[in-house]
*Asks:* 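Structure incoming, see below.
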2 protein chains.
Amino acid sequence: MKNQDFINKLRNSGLRPTKQRIKICEALFNTEKTFHFTVNDLAKMMQKNFNEKISLATVYNTLHAFKKKGYVKEISLGNDKSYFDTNISSHHHFFDTKTNELIDIDSSKVELKNIPNPPKGKSIKDIDIVINVENDSQ
Amino acid sequence: MKNQDFINKLRNSGLRPTKQRIKICEALFNTEKTFHFTVNDLAKMMQKNFNEKISLATVYNTLHAFKKKGYVKEISLGNDKSYFDTNISSHHHFFDTKTNELIDIDSSKVELKNIPNPPKGKSIKDIDIVINVENDSQ
DNA sequence: AATTTACTTTATAATTAGTCTAAAGTAGAA
DNA sequence: TTCTACTTTAGACTAATTATAAAGTAAATT
């Protein structure tokens with residue numbers, strides 16, 4: 001993907017293509033595989049791999065904007081910090097509660113048997129399944 | 001349940017029955033229905049309904065101790081604060097992302113079709129299913 | 001092209017959940 | 001009763017995140 005593609009992508013969804021947003025797009029979407037990261041991970045990555053010092057507040061802003069536009073997903077864990085995922089397809093996660101490692105579960109590998117009716121007046125937005133794992137104590 | 005029962009319960013699981021712990025037991029387990037709460041909720045509740053000013057640190061300590069003993073469950077949400085649940089049976093939750101309201105799902109109402117094998121060397125501790133809901137926009 | 005406007009970024013301050021600490025208190029054993 | 005280990009406490013501290021207000025910039029307007 002070229003820069004111009006990211007510029008179009010941003011513009012098409014109503015986000016101004018600023019230098020920072022384009023760079024973050026590169027970092028997130030010019031990759032072979034999807035990946036998980038925290039806000040801090042991304043801020044550091046921008047500095048190290050992209051020589052781009054972006055204010056933390058901007059990284060938060062951008063990620064929340066990208067999340068709203070569906071470019072990334074936020075992952076719900078019982079953790080103090082929040083994780084983002086560039087894999088936006090419907091899928092769930094293993095979470096290693098000791099190492100804080102997140103691992104994708106292929107969506108075909110897990111499915112709900114019967115989805116209960118939501119409380120009256122409410123409708124389902126999405127479903128998060130987290131399978132907490134731990135290293136076998138040998 | 002009488003105070004003495006809580007004292008026994010605590011002692012049996014190796015926790016000293018201190019005044020604070022007994023009071024918290026009363027607040028959590030002398031209820032008709034199970035319920036969800038945050039650490040802050042509980043601290044305020046102790047003060048208001050039980051006239052018992054308990055240091056926040058103690059509330060944290062106590063809840064973590066109770067969690068380790070299986071008296072309460074901690075619920076993983078994509079939220080910044082953590083929720084506890086006096087319903088310790090295996091069950092999952094609706095979560096209203098707008099109001100932060102948590103609603104139990106009867107465990108019989110939802111089930112995984114096939115649980116994927118955990119990554120090599122790891123084993124499953126538990127599974128959290130959160131169904132995010134929102135009020136219908138009418 | 002210059003001007004204007006609204007949206008963005010930035011550094012920093014503020015907020016918030018949660019943990020740590022060290023001193024004072026207390027349950028239970030001796 | 002005394003001692004010891006476990007608890008509680010207030011308050012300092014940490015880390016994640018949000019708010020703020022000024023400076024910068026994209027894009028619309030002239």
Side-chain angles (χ1 to χ4, degrees), chain A residues 3-4 6-25 27 36-44 46-47 50-69 71-72 74-84 97 100, chain B residues 3-4 6-25 27 36-47 50-69 71-72 74-84 97 100 102:
Chain A
N3 262 8
Q4 189 56 51
F6 292 129
I7 293 177
N8 292 336
K9 174 176 178 156
L10 287 164
R11 204 174 265 132
N12 287 338
S13 54
L15 294 174
R16 284 192 179 167
T18 65
K19 195 178 61 156
Q20 292 84 348
R21 285 173 178 168
I22 295 165
K23 278 285 176 191
I24 289 178
C25 276
H36 306 115
F37 60 96
T38 63
V39 170
N40 238 307
D41 293 340
L42 181 57
K44 278 186 195 154
M46 296 314 299
Q47 180 123 40
F50 289 79
N51 261 331
E52 198 66 48
K53 156 107 188 69
I54 300 179
S55 164
L56 252 193
T58 302
V59 179
Y60 275 101
N61 286 343
T62 304
L63 281 175
H64 288 149
F66 282 15
K67 178 190 169 189
K68 196 174 292 176
K69 297 303 180 181
Y71 297 0
V72 297
E74 192 170 5
I75 301 171
S76 302
L77 299 172
N79 219 13
D80 50 347
K81 62 186 138 216
S82 96
Y83 285 74
F84 288 86
T97 50
N100 281 7
Chain B
N3 262 9
Q4 189 55 51
F6 293 129
I7 293 177
N8 294 335
K9 174 176 177 155
L10 287 164
R11 204 174 264 133
N12 288 337
S13 53
L15 294 174
R16 284 195 180 166
T18 65
K19 194 177 64 158
Q20 293 83 349
R21 285 173 179 168
I22 296 165
K23 278 285 177 193
I24 289 178
C25 277
H36 306 114
F37 60 96
T38 64
V39 169
N40 239 306
D41 293 340
L42 180 57
K44 278 185 195 152
M45 182 198 286
M46 296 315 300
Q47 180 123 42
F50 290 80
N51 261 332
E52 197 66 47
K53 155 109 187 68
I54 300 180
S55 162
L56 252 194
T58 301
V59 179
Y60 276 102
N61 285 342
T62 304
L63 281 174
H64 289 150
F66 282 14
K67 178 191 169 188
K68 196 174 293 175
K69 299 301 181 185
Y71 297 1
V72 296
E74 193 170 5
I75 302 170
S76 302
L77 298 171
N79 220 13
D80 50 349
K81 63 186 138 217
S82 96
Y83 287 75
F84 289 87
T97 50
N100 282 6
L102 258 180

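A, B, ... follow the sequence lines: proteins, then strands. Residue 1 opens every chain.
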*Asks:* Can you see if the side chain of Lys19(A) gets near the phosphate of dG24(D) - specifically, an N or O under 4.0 Å from OP1 or OP2?
*Replies:* no
*Asks:* Can you tell me which residue among Leu42(A), Asp41(A), Asn40(A) is in a side-chain contact (heavy atoms from CB on, under 4.5 Å) with Lys44(A)?
*Replies:* Asn40(A)
*Asks:* Nearest to the side chain of Arg16(B) - dG18(C), dT8(D), dC6(D)?
*Replies:* dC6(D)
*Asks:* Output the single nucleotide from dT9(C), dA27(C), dT17(D) whose closest atom is nearest the side chain of Val39(A).
*Replies:* dT17(D)
*Asks:* Assign each of Thr18(B) and Ala57(B) to its nearest nucleotide of DNA chain C by heavy atoms, then name whichever residue's nucleotide is nearer the 5' end.
*Replies:* Ala57(B)
*Asks:* Just to be sure I understand the rule, does Thr38(B) reach a base, reach only the sugar-phosphate, or reach nothing, if contact means heavy atoms closer than 4.0 Å?
*Replies:* nothing
*Asks:* Would you mind telling me which of dT19(C), dA17(C), dA26(D) lies closest to the side-chain atoms of Asn40(B)?
*Replies:* dA17(C)
*Asks:* Let me know the distance between NZ of Lys53(B) and P of dG25(C), rounded to the nearest Å.
*Replies:* 16 Å
*Asks:* Measure from the side-chain heavy atoms of Asn61(A) and tell me the nearest of dT8(D), dG18(C), dT9(C).
*Replies:* dT9(C)
*Asks:* How do Leu15(B) and Ser55(A) order along DNA chain C: which one's closest nucleotide is nearer the 5' end?
*Replies:* Ser55(A)
*Asks:* Closer than 4.0 Å, any side-chain N/O of Ser82(A) to the OP1 or OP2 of dT17(D)?
*Replies:* yes
*Asks:* Round to the nearest Å and state the distance from Arg11(B) atom CZ to dA29(C) atom C1'.
*Replies:* 12 Å
*Asks:* Phe84(A) vs His64(A) aromatic rings, parallel, tilted or perpendicular, using cut-offs 30° and 60°?
*Replies:* tilted
*Asks:* Which nucleotide sits closest to the side chain of Pro17(B): dT9(C), dA27(C), dA16(D)?
*Replies:* dA27(C)
*Asks:* Counting just side-chain N and O atoms, does Gln20(A) come under 4.0 Å of either OP1 or OP2 of dT10(C)?
*Replies:* yes
*Asks:* From NZ of Lys23(B) over to C1' of dT9(D), roughly how many Å is that when rounded to an integer?
*Replies:* 19 Å
*Asks:* Apply side-chain contact (heavy atoms from CB on, under 4.5 Å) to the pair Ile75(B) and His36(B), showing each step before the final yes or no.
*Replies:* CA-CA 9 Å; Ile75(B) 302 170; His36(B) 306 114; 3.8 Å; yes
*Asks:* Mind calculating the distance between CZ (Arg21(B)) and C1' (dA27(C)) to the nearest angstrom?
*Replies:* 11 Å
*Asks:* Taking side chain as C-beta onward, heavy atoms only, is Ile24(A) less than 4.5 Å from Tyr71(A)?
*Replies:* no
